[in-house]
Amino acid sequence: MEGYVITIGITILIYMLMAGGLALQYGFTGLSNFGLVGFVAIGAYTSSILAIKGVPIPLSLIAATGLATLCAYPIGIIALRLGGNYLAIVTLGFSEAVRMTLQTEEWLTRGMHGLTKIPRLFSGWVEPSRIDLCILLLLLAINIIAFLAFRKLVKSPFGRAIEAIRDNETAARALGKDTAQFKTRSLMLGAACAGLAGGLQAHYLTFISPEQYVPLVTFYVWIALVLGGADTMKGVIVGTCILVGFLEGSRFIGDFVGGISEVKLASVRIWMIGMALICVVLYRPQGLFGRSIVRN
Amino acid sequence: MVHFRKLSRRDFGLSSLALASGAALPLAAGAQALQPFRIGSLNSMTGVGGPYGPYMLEAARIAVDEVNALGGAAGRQLVMFSEDDQTRTDAGLLATKKMIEINKVEAIISVWSSAVCLAIMPTTDESNVIMMNTCGSPDIPKENHKGLSWIYFASNAVFARAYAEIARRRGFKRPAVMAFNNSTFVGQAHNFRDAWEQGGGKLSSLVIYEPNQSSYRTELNSVLATKPDVIVLGSYRPDASILLKEWYQSGYDCKFIMPGWTANEGLIKALGKEVLEGVLSVHHVPKEKHPAFQHLASEFRRKTGKEADMYASQAYDMVITLALAVEAAGPSATTLDVNRKIREVTTPPGQKVTSFAEGRDALRAGKKIDYDGASSDVNFGERGDAIPDFGVFEIVNGNLELRETILGSSISQKI
């Protein structure tokens, strides 16, 4: 039981870190990033390849975060000219391009065979049965630090500037703000979180392959944001917990409700998420903990 | 309308007593009975593996019911839990943890995706849980450090050599390969190229295609432009349906060699017999028309109205293998004891058996057994990988007709 709860906790915290990054980009800056999983993949592969080559895991994770951040810079340059749906399409294309690269560059990534033997976090430092708990605590600490930093950031002049860009970019520009620079920085910060989350996930799973980094992962993070509310940190945290809670909690439906076959249950679980999403969009479009003012 | 009566203190006391007695009875009885052997079926119900997971689950359930109807294995009833891995690693890991920690399973069966398999292996190994899969990744035998992983699927290399042998025997000179972009099919494609070139031949083309497209015309045209006489098509049913339809519309004349889990009755029904006439469908088979498969096929048809595919027969064999291993290990055996018996009950020497009932009777008579299953003769190599035989079926007038059997052992010797 304990191990299962720890695994759920780890999954929630990994998704929460990704959601925090996306919230900064979309919830606070208004940038529709549909390519989040591309940065997760960059982080995962960078950290894994370096760690397999013998680089210590903490350094590998730093490099993963750094490379994901740098890769967001060109997207930021594009974001200067694009907004809304156009940026969403470009970022979606970016994540697919990353996945294709991982599939084709076999000399580096082993292509579709994936990377095995990725060193596990805390392996050799603590006894095997305690590793998952240590990973959970590490992720908790990282999330606390990240969310405290986000809170400080959104209350700082930088935060007020990105919120102004989100609400009315023309007005922000008229007030002398370099909106391009703010948007790029917001994208890079969000990408850093995604890259770090990817690296941590890889060192937890110990196996990665390109087929893990499909757009569905990005959409799960989006669902978490829509459910909880994208423009508050509380919303991000609650949204992620609800998403993973729904997905995992619904595994037990079959134990309590008779007459549902396993085949139907698999579909019911996805259906439940869809219905929750529709209800939230209909009755609370800003999300459960989003700010009540609906922006134009 | 439902009316709720106010519960008096006496009613409450009596109800509590009744509930407590009811709960205690099974516990008391359970103390006398043997512990059931708990199996977790980790199926790909949704995602890429969605077309196969439900079949595997149904076949495993047929096997569990059969064993339980005979009084269980070594007196232990089999209890099966199932979870959907969504053909995703993180969801697969969560489902595995749930089944190990909450349902207390001793074996996880029916793992379909190589990526999921490799992601859950550290967990099953750490928990000393048996894991049975149908994955083709060459990394899985390499990672099988504790010997708890059992692979019911021929490795990519063996499958690809079987394809090459089939193409050679039929006199094809210019084969092309089209493969779905995943570890299994890409591995098969590259191994086929190596096997074909080792025999002095040359491929006309090799194309790896991205799945989930509405049309594969570009990839197909690039292959057809090289004038192949046969196309080795590594596909699943959804993409194969589109590809074959577009090939048929092109009017180009060539043959296809395809895996049996794709080129089956379902595909014939979907595309019609004209499109698939002459397609060669290759899948694991026992050496001859096997009673285990015939039995599963009829039971499967009776229960679902559908035909059992190769993965379904592998899932069936997984449960029967486990049941025979439990029977051989005895009623108080641990999971590791059961694991040690798996090779013993499936691999020669021993009396050939084709069902749980036969195997149980032989074991109780003190004989050694060698289970030959519905999917293959289930003989495991050193690293837990089965080397099955391959049946070559030709689709003639909408029916699959067995043309020949290629021995897996003869192919594996060449690798």
Side-chain angles (χ1 to χ4, degrees), chain A residues 1-8 10-12 14-15 96 99-100 103-104 106 110-118 120 123 128-129 131-132 201-202 204-217 220 244 247-252 254-255 261-270, chain B residues 41 43-48 50 53-54 57-58 61 81-91 93-104 113-123 126-127 137-140 142-143 156 179-187 190 208 210-212:
Chain A
M1 180 72 183
E2 184 196 322
Y4 179 50
V5 174
I6 290 173
T7 309
I8 292 177
I10 290 170
T11 309
I12 289 176
I14 288 170
Y15 272 94
E96 284 295 275
R99 192 165 63 87
M100 293 293 164
Q103 283 176 191
T104 49
E106 290 189 13
R110 292 189 72 227
M112 288 307 290
H113 300 299
L115 292 176
T116 53
K117 295 188 174 67
I118 299 169
R120 200 142 195 247
S123 185
S129 59
I131 285 179
D132 281 8
Q201 191 185 37
Y204 169 60
L205 290 174
T206 69
F207 169 77
I208 54 170
S209 72
E211 61 198 308
Q212 283 168 240
Y213 302 104
V214 289
L216 183 69
V217 177
Y220 271 147
V244 180
L247 281 172
E248 282 311 299
S250 54
R251 286 192 191 280
F252 296 90
D255 298 343
S261 70
E262 286 86 351
V263 181
K264 283 183 186 155
L265 186 61
S267 307
V268 165
R269 296 176 62 219
I270 310 289
Chain B
S41 183
N43 297 110
S44 297
M45 295 292 199
T46 50
V48 181
L57 179 62
E58 196 53 56
R61 203 170 287 291
F81 302 87
S82 80
E83 288 296 337
D84 176 22
D85 68 14
Q86 299 171 254
T87 330
R88 287 176 47 221
T89 49
D90 53 347
L93 185 61
L94 276 163
T96 302
K97 289 267 187 186
K98 187 243 171 187
M99 290 198 287
I100 293 174
E101 304 260 338
I102 310 276
N103 304 127
K104 308 282 181 203
S113 152
S114 294
V116 172
C117 184
L118 284 162
I120 69 167
M121 269 177 98
T123 300
E126 197 182 297
S127 312
S137 169
D139 289 320
I140 294 166
K142 287 181 203 161
E143 294 296 311
N156 294 330
F180 182 105
N181 197 354
N182 72 2
S183 178
T184 299
F185 284 126
V186 170
H190 291 162
I208 308 293
E210 278 305 303
N212 304 321

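Each chain gets a letter, A, B and so on, in the order its sequence line appears, and its residues count up from 1.
Between the NZ atom of B/Lys97 and the OG1 atom of A/Thr11 there is a distance of 10.0 Å, given to the nearest 0.5 Å. A distance of 9.0 Å separates CE in B/Met45 from OG in A/Ser267, rounded to the nearest 0.5 Å. Of the inter-residue distances, the one linking A/Leu216 atom CG with B/Thr87 atom OG1 reads 10.5 Å to the nearest 0.5 angstrom. Between the CD atom of B/Glu101 and the CD1 atom of A/Ile8 there is a distance of 10.0 Å, given to the nearest 0.5 Å. Atom-to-atom distance recorded for A/Phe207:CZ and B/Ser114:OG is 7.5 Å, nearest 0.5 angstrom.
Proximity to chain B (any heavy atom under 4.5 Å) is shown, for A/Leu265, by neither the backbone nor the side chain. With a threshold of 4.5 angstrom between heavy atoms, A/Tyr4 approaches chain B through its backbone and through its side chain. Residue contact with chain A, scored on non-hydrogen atoms closer than 4.5 Å, involves the side chain of B/Glu143 exclusively. Neither the backbone nor the side chain of A/Ile14 comes within contact range of chain B; no heavy atoms are under 4.5 Å apart. Heavy atoms of B/Pro122 lying under 4.5 Å from chain A belong exclusively to its side chain. Contacts between A/Glu106 and chain B at a heavy-atom distance below 4.5 Å involve the side chain alone, from C-beta outward. Contacts between B/Asn181 and chain A at a heavy-atom distance below 4.5 Å involve backbone atoms as well as side-chain atoms. If you measure heavy-atom distances from A/Thr116 to chain B, the contacts under 4.5 Å come from the side chain alone. Heavy-atom distances place both the backbone and the side chain of B/Leu94 under 4.5 Å from chain A.
Ranking B/Ser183, B/Ser127, B/Pro54 against chain A, the residue ahead of the rest is B/Ser183, based on heavy-atom pairs under 4.5 Å. Your options are A/Arg110, A/Glu211, A/Gln103, A/Met100, and the one with the most heavy-atom pairs under 4.5 Å with chain B is A/Gln103. Chain A forms the most heavy-atom pairs under 4.5 Å with one residue out of B/Ile100, B/Leu118, B/Asn43, B/Thr184, and that residue is B/Leu118. Taking A/Glu2, A/Arg120, A/Lys117, A/Gln201 one by one and counting their heavy-atom pairs under 4.5 Å with chain B, the maximum is reached by A/Lys117. Residue with the most contacts toward chain A among B/Val186, B/Thr123, B/Asn182, B/Ile120: B/Asn182 (heavy-atom pairs, distance under 4.5 Å). Most heavy-atom pairs under 4.5 Å with chain A: of the set B/Ser113, B/Pro138, B/Ala95, this distinction falls to B/Ala95.
Side chains of B/Glu210 and A/Arg99 form a contact here, defined as non-hydrogen atoms less than 4.5 Å apart. In this structure, B/Lys98 and A/Phe252 have side chains that are in contact, with non-hydrogen atoms separated by less than 4.5 Å.
Inspection of the B/Asp90 and A/Tyr15 side chains reveals an N or O donor paired with an N or O acceptor under 3.5 Å.
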